[in-house]
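Heads up, the thing below is written out as structure tokens.
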Amino acid sequence: MKFNFFHLMPYPYLPADFDDVEKYPSPSLTFSNGHFDPVLGMRLYHRYLDELEYADQLGYDGVVVNEHHQSAYGLMPSPNIMAAALARRTSRSTIMVVGNALPIRGNPLRVAEEIAMLDHLTNGRLVSGFVRGIGWEHFAHSVSPAESRSRFNEAHDLIKKAWTTEGPFSWYGEHYEYRYVNLWPRPLQRPHPHIAVPGAGSPETMRWVAENRYLYISVYAPTNVVATWFDGYRRAAADLGHEPDPDNICLATPVFIAESDAAAYREGRRHVEWLFRRGLRHQSHVVSPPGYLSVNGLRGMLRTPTRSYADATVEELVEDGYAIVGGPDTVRNRIAELRDRLGFGQMMVMLAIGDMPAEMTRRNTRLFAEEVMPHFRSSPAEPAGVSPGATRV
Amino acid sequence: MSHAVGTDPVATRLPIGSGAISLFREGRGRPTLFLHAAGGAGAWSPFHELVSERADLVAPDHPGFGGSDDLPELRDVDDLVYHYLDLLDRMELDQVDLVGASFGAWVAAELAVHSPHRVRRLVLLGPIGLRVPEEPVADLFLMSPPELVRALFHRPELVEAALAAEPDLDQVLRSYRELGALARYAWRPFLNNPKLERRLRRITAPTLVVAAAGDRIVPRVHCERYAAAVPDAELVVVDGCGHALHNEDPAAVASVVTDFLAR
């Protein structure tokens with residue numbers, strides 16, 4: 001099993017009355033940046049980058065940066081800048097960029113260029129994510145959600161061709177037109193950096209990711225929902241005649257680990273609840289604005305009964321599978337149980353949760369690396385059979 | 001054409017583009033094309049009934065709305081203008097009275113700019129389509145469905161009636177599809193064509209701009225600027241109405257419209 005250390009880089013200094021959901025329906029789009037203190041922000045960036053570097057030193061297989069716009073929920077509008085900052089300060093772990101939000105980039109060739117550069121700066125340790133961007137980010141960057149999927153598809157095709165085809169060539173698409181595509185540099189990895197795509201249940205995405213044999217990453221959701229996504233991905237692959245490598249299936253989840261279960265709940269409660277009640281607070285019509293989902297996609301989503309996490313306690317979040325909380329034994333057992341049920345070969349763990357202070361984040365990161373990761377390393381100790389029907393290629 | 005008293009007319013389907021659209025046609029008199037707003041597709045309303053008593057009313061659903069197919073090849077309002085010119089040709093209507101509401105009024109104004117001779121008289125009900133950065137149209141896309149209902153109607157009892165029952169899944173999906181089509185046509189530029197205002201001088205039809213006194217979606221200045229830029233235009237304000245206009249007060253709005261068309 002591979003473990004990736006994921007950072008959202010939240011801005012934790014929210015106003016004291018932020019629990020007033022009428023006043024603050026979410027920390028995104030319309031939550032005024034008057035609440036952003038530049039000096040605190042500067043310290044956060046350095047602290048958060050230190051935490052990612054620390055994960056590399058502790059032996060995590062990957063460190064993960066991501067992309068969000070106009071939100072206190074995540075301070076990385078450009079994940080490529082964060083990846084560049086990490087490239088020469090890390091040495092072992094892969095650097096996974098889960099951006100770039102292709103539809104809201106005006107110029108996808110710029111993504112192809114920047115990722116190619118990053119591939120060289122990381123000596124080929126780069127994994128390139130491609131994402132749609134959340135609905136509100138289409139408001140933020142003034143891109144029609146109704147065009148989001150077709151822009152994503154076209155930008156992806158263009159970038160991949162730019163990475164793998166000797167130029168110059170021309171590109172005349174529905175959304176983008178280039179008379180000269182001729183990347184300098186080309187990426188280091190051949191044919192190109194591995195591509196990762198997060199999924200939230202869309203059957204179109206599952207099929208497309210399976211077709212391309214990309215890494216499929218879940219977004220935060222209850223375990224029974226994630227199970228349907230991973231099963232859907234495997235089914236889509238089976239329809240195409242292959243079994244996906246478990247390494248191409250990745251579970252994303254926050255984990256809070258402490259000396260004991262009691263200590264973990266006592267210390268972790270407020271931070272896990274901060275993440276779901278404040279950081280991830282949203283309005284569904286802003287997250288999925290008109291046109292963002294297909295009508296069938298919305299139908300599927302409305303038919304999947306999920307408890308809202310807006311008021312959930314940490315116990316409920318753990319029970320549903322939104323988070324893992326406990327002492328080392330509990331966390332290990334839970335991960336083994338999830339792996340056997342869901343059949344993933346990678347995890348993207350959030351160990352810097354919500355408004356956790358720096359020292360607590362370091363402890364959480366270290367405890368997970370020392371108490372959990374070795375248990376799942378490939379060795380005779382690793383239980384055979386990840387899940388029925390799934391084998392490592 | 002006519003339909004039995006107490007029953008609504010049946011929509012017909014007409015193949016066009018990559019699919020088919022759905023339209024109502026009812027009544028006798030001058031051919032009158034009605035282009036609906038972001039809401040109101042697929043339904044025969046009291047306003048339709050009242051107008052069809054005095055005209056040959058042609059009321060199509062925009063592609064992506066009501067009973068019409070998506071016709072995904074249509075990407076913006078410019079494409080819709082050609083779509084409706086095709087429709088007029090197909091129906092052999094050389095010249096029509098043209099009535100549009102809100103988004104439909106924008107399409108109507110663009111069509112009248114493109115082909116002034118196809119329009120005998122023009123009515124714009126609470127039109128969007130102009131770029132007014134100081135007073136933009138409210139962001140419909142950022143509103144939850146109940147917020148949108150509250151913004152559309154002036155009279156609280158209509159809001160309460162509309163919100164009394166939870167919408168069923170089909171209603172939610174229909175409304176999501178229609179607002180998604182609106183996003184396809186007009187997310188950016190946001191519900192406007194920056195070039196439209198200076199082109200309005202091309203319109204030759206006598207034009208009536210109808211503003212709602214209590215419009216919380218389209219600021220009054222949009223109606224005023226339409227009335228100022230179209231050469232032969234007048235502005236009337238209907239009291240006691242929100243942006244929903246012909247759905248809020250069908251009798252008053254229908255009589256303003258049909259009186260103007262009968263002149």
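Numbered from 1 within each chain, the chains take letters A, B, ... in sequence-line order. Heavy atoms only: backbone and side chains are in, while hydrogens, waters and symmetry mates are out.
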Original post:
Does a donor on one side chain and an acceptor on the other come within less than 3.5 Å for Tyr185(B) and Asp78(B)?
Top reply: no

Subject >> Check against salt bridge (charged side-chain N to carboxylate O under 4.0 Å, His left out), Glu114(A) and Arg105(A) >> reply: CA-CA 13 Å; Glu114(A) 289 177 5; Arg105(A) 283 285 192 128; 3.6 Å; yes

**OP:** Decide, yes or no, whether a salt bridge links Glu147(A) with Arg75(B) under the criterion of side-chain N to carboxylate O below 4.0 Å.
**Re:** yes

Original post:
Using non-hydrogen atoms and a limit below 4.5 Å, what part of residues 131-140 of chain A faces chain B?
Top reply: His138(A), Phe139(A)

Subject >> Taking every non-hydrogen atom, the tightest pair across His222(B) and Val132(B) >> reply: CE1-CG2, 3.6 Å

Original post:
Are a donor atom and an acceptor atom from the side chains of Arg131(B) and Asn193(B) found within less than 3.5 Å of each other?
Top reply: no

**OP:** Identify which part of Val286(A) has an atom lying under 4.5 Å from any heavy atom of chain B, answering side chain, backbone, both or neither.
**Re:** side chain

Original post:
Using the ring of each side chain (for Trp, its six-membered ring), is Tyr13(A) parallel, tilted or perpendicular to Tyr11(A), with breaks at 30° and 60°?
Top reply: perpendicular

**OP:** Select one option (side chain, backbone, both, neither) describing which atoms of Ser288(A) are under 4.5 Å from chain B's heavy atoms.
**Re:** both

Subject >> Pairing of Arg177(B) and Asp70(B) as salt bridge, 4.0 angstrom limit >> reply: yes

Original post:
Is the distance between the ring centroids of Phe130(A) and Trp208(A) under 6.0 Å?
Top reply: no

Subject >> Non-neighbouring partners of Asp89(B) that pass salt bridge (Lys or Arg N to Asp or Glu O under 4.0 Å), sequence neighbours left out >> reply: Arg118(B)

Subject >> Under 4.5 Å from any heavy atom of chain A - which part of Arg184(B) >> reply: both

Original post:
So which bits of residues 153-172 of chain B come within less than 4.5 Å of chain A, counting non-hydrogen atoms only?
Top reply: Leu169(B), Asp170(B), Val172(B)

Subject >> Region of Arg174(B) in contact with chain A, defined by heavy-atom distances below 4.5 Å >> reply: neither

**OP:** Verify the ring-centre separation between His62(B) and Phe103(B): is it less than 6.0 angstrom?
**Re:** yes

Original post:
Can you name the residues of residues 22-32 of chain A that have some heavy atom under 4.5 Å away from a heavy atom in chain B?
Top reply: Leu29(A), Thr30(A)

Original post:
Using the ring of each side chain (for Trp, its six-membered ring), is Phe230(A) parallel, tilted or perpendicular to Tyr216(A), with breaks at 30° and 60°?
Top reply: perpendicular

Original post:
Under 6.0 Å between ring centres, would you say that holds for His36(B) and Phe47(B)?
Top reply: no

**OP:** Kindly give the heavy-atom pair with the smallest separation between Leu23(B) and Pro60(B), and that separation in Å.
**Re:** CB-CA, 3.5 Å

Original post:
Does the pair Arg151(A)/Glu174(A) count as a salt bridge with the N-to-O cut at 4.0 Å?
Top reply: no

**OP:** Measure centre to centre between the rings of Phe141(B) and Trp187(B), then say whether the value is under 6.0 Å.
**Re:** yes

